[in-house]
Every structure is written in structure tokens, then in C-alpha cells.
Amino acid sequence: MGSQLRGRCFTLKSLKDHVQTWMERVRSGDARALARAISTVENRAPESANLLKALFPHSGQARILGLTGPPGAGKSTLVDQLARHYRRAGQTLGIIAVDPTSPYTGGAILGDRIRMLDHHADPGIYIRSMATRGSLGGLARSTADVATVLDASGRNLILIETVGVGQDEVDIVRLADITMVILVPGMGDDVQTLKAGIMEIADIFVINKSDREGAERVEREIRAMQSLATRHDNWTPPIVKTVASEGKGVEDLAAAIADYEGYLQKENLVLQRNIQNWRERLLEMLRDAMLERARTQLGDGQVEQYAAEVAQHKRDPYTLVEEIVRKAGSDVYD
Ligand SMILES: Nc1nc2c(ncn2[C@@H]2O[C@H](COP(=O)(O)OP(=O)(O)O)[C@@H](O)[C@H]2O)c(=O)[nH]1
Ligand SMILES: [Mg+2]
């Protein structure tokens, strides 16, 4: 499929047929077509937009669970355990592992691959480690698009693992229907120093490694923090203790997930949450598209030249930007 495109000039119709066939293969569960679709979308290859257009109408069925927390907290182990749990319940899964702390070697990604090899023989689980460097248009957006592909492929459940360190990760977990923040004993006062943004997005707190001393203390700290603020949806995030490496507490966690899901449905919050997410995503897509258009219009080196002119006060940046925006807008239908 992809190879047919290379070095050939396609008519619009055959390109459409090609994407259509590809989309149908993805939906039929063809693992190779799925892998290629994910790579295409992740790399923003030329066919990416057409493919996403074809897949989008078939997405929106999967539940997306986000897991975030500090490195080494046991996120991958927990994902693995949850995957087992949901497989036993007959669900199909897509797993997206995003870990910017170890993009190349060792660390989490390699660890993830090895640990998850277990599942490799099971076509009901599809695992993807996202490249975190050089992803065009932002990591959050790539992750969201990859999730759309998995969703359209008919997976019931998508688990996204990310290290809770920065804005990128907050943006990523925002696209989840349900977000879990994984903490561990021994963090001491660190609970307070964790990015406020990360704490706020927790629908469920997990204290993993509860076999270690200090789980109670972390729990108290979370409770203390919770008492300071109420959420706009009035949900009080439960705290679940787990020992992921032994599979302990995983059933409790799954029950907490089901609880929150029930709450979302009862309060009619699913759509509201989705609208909020899409509002952000649409603005971001628009920003990308406009910038891309301006860049194309400007050409190589032009920005540097303008910068030099502005720096030397030969031009004012306000008029300049207005001009660029006007020109970029005028060739929309060229
Ligand atoms: N003692 C203990 N170790 C755990 C537990 N869960 C995970 N681990 C171990 O912690 C290490 C990091 O786990 P990993 O899942 O890779 O963490 P991640 O970086 O958050 O994905 C691994 O060696 C796990 O075996 C737990 O509940 N208790
Ligand atoms: Mg991991």
C-alpha cells in the first residue's frame, strides 16, 4: 500500500481509493495496516491527513485511560496488569507508551518492550511506544492522532502511559476520558511539589508500591491536598493502593475506574469533557495550520531576514505580522 505511492503520480481518485482500502484494512484488524497507519500519523507523512479524515468517523467508541506519574512509579507494570485484567474481561486494547526521559536506549521504553513481550502473541493487545523527539506538531497532538487510529481500529480501550513531568504530559493525559496519577511511598513532601497541573487532572490516585513503608503518609498528603480544593464536577478522586509487581489492588483499581465511568455517565459529563478537549485541540490544530501556511508563504531564511530588519528598527514587527497574516490568508483557495 504505502510502497505503491512512492515514486508514482496518483490521480485524486486512486489516492482516495487507496486511503479507503487502507482504512478498511485498519478497521478489519489487519495489524500491518494498523502499524503503518500509526507510523504515518505519528510522522505526519503526506497521507496522514487523508487517512485521519477517513478514520475519524469510526472513532469515538473507545475509552481512553491515561496513566501518569514520576519515572519508576510502576506505570508500565500497572498498565501491564490492567491490560491483563481487561483482556480477561474480553476487551481489546491499544497501549501507547510515551516516555520522554528515555527516548533512545535503556530506560522505560526498552523496559516496556521487554515486559510487554508477554502480550505479543495476543492480537487483542496492540502496543506502541511513541517517539518523543522530532514529532512534528507537538507530542500531544501526535498521541491524540495515534489514539484516534487505535480507536477507529475497533479497540475497546486505549491506555496511555506518560511521565508526569511537564506541560506536554499534562496535554497528553487531558485527552483521556479517565486519568490516573500514580504516586509511590517515600515521596514525602514531594506530593506538594508535584506539578499542580498533574494533581488537578487526577480522576483517580494510585499509590503503587504500597508494599513499601509510607503508603499511609502519601495517602494523608493527598487527602490534605484534596481538602483544599473541590473539583468543578464535584467528584472526589478515590485513592487506590496497589502493588503492581504482584498484581495486588488491580481489581480495586479497575473497580474505581468503573465507578468514575458510571459517575461520568450519570452526570452526563462525557460529552462535556469531550467538548472541552476538542476546544483545545481545535485551537491547536488551527494554530499549526496557520503557522504552516505562513511558513510556506515566507520561504527559507525569510524569518531570519525579517528578524534582522526588525532588530535594526528598519521595520516595525506589528505591520510586518499583519502583512504576513493577510498574505497567508489570501492564498487559501489557490
Ligand atoms: N516493590 C515494588 N516494585 C514495583 C511495584 N510496581 C512496579 N515495581 C517495580 O518498579 C520498577 C519500575 O516499574 P515501571 O513499571 O517500569 O515504572 P514506570 O517508569 O513508572 O513505568 C520495576 O522494577 C518494577 O518491577 C510495586 O508495587 N512494588
Ligand atoms: Mg514506563
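Atoms within each ligand, like the ligands themselves, are counted from 1 in listed order. Model, not experiment: these values are computed from the prediction.
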Has ligand 1 got any nitrogen or oxygen that is less than 3.5 angstrom from a nitrogen or oxygen of A73?
-> yes
How about Q312: does its CD atom have over 12 heavy atoms from other parts shown lying under 6.0 Å from it?
-> yes
Can you check whether I160 reaches L175 side chain to side chain, under 4.5 Å on heavy atoms?
-> yes
D211 N/O under 3.5 Å from ligand 1 N/O = yes
Return the minimal non-hydrogen interatomic distance between N50 and V19, and the atom names on each side.
-> O-CG1, 3.7 Å
Go through ligand 1 atom by atom and flag the ones less than 4.0 Å from a non-hydrogen atom of S245.
-> 2 (C), 3 (N), 4 (C), 5 (C), 6 (N), 26 (C), 27 (O), 28 (N)
Would you kindly confirm whether M285 and M290 end up in one hydrophobic cluster when ILVMFWY residues are joined by side chain heavy atoms under 4.5 Å apart?
-> no
Hey, are R63 and E261 close enough for a salt bridge, meaning a charged N less than 4.0 Å from a carboxylate O?
-> yes
Of all N/O/S atoms in E161, the name of the one nearest the Mg ion (ligand 2) | OE2
Does even one non-hydrogen atom of E246 get within less than 4.0 Å of ligand 1?
-> no
In terms of heavy-atom contacts, does CZ of R231 have more than 12 from other residues, nucleotides or ligands at under 6.0 Å?
-> yes
Checking only N/O/S atoms, does T77 have one that is under 2.8 Å from the Mg ion (ligand 2)?
-> no
What about I178 and W235, same hydrophobic cluster or not, with Ile/Leu/Val/Met/Phe/Trp/Tyr joined at side-chain heavy-atom distances under 4.5 Å?
-> yes
Using a strict cut-off of 4.0 Å, indicate which atoms of ligand 1 neighbour a heavy atom of A244.
-> 6 (N), 26 (C), 27 (O)
Given A97, G74, S76, which has its nearest heavy atom closest to atom 17 (O) of ligand 1?
-> G74
With a cut-off of 4.0 Å, which atoms of ligand 1 are near a heavy atom of V243?
-> 26 (C), 27 (O), 28 (N)
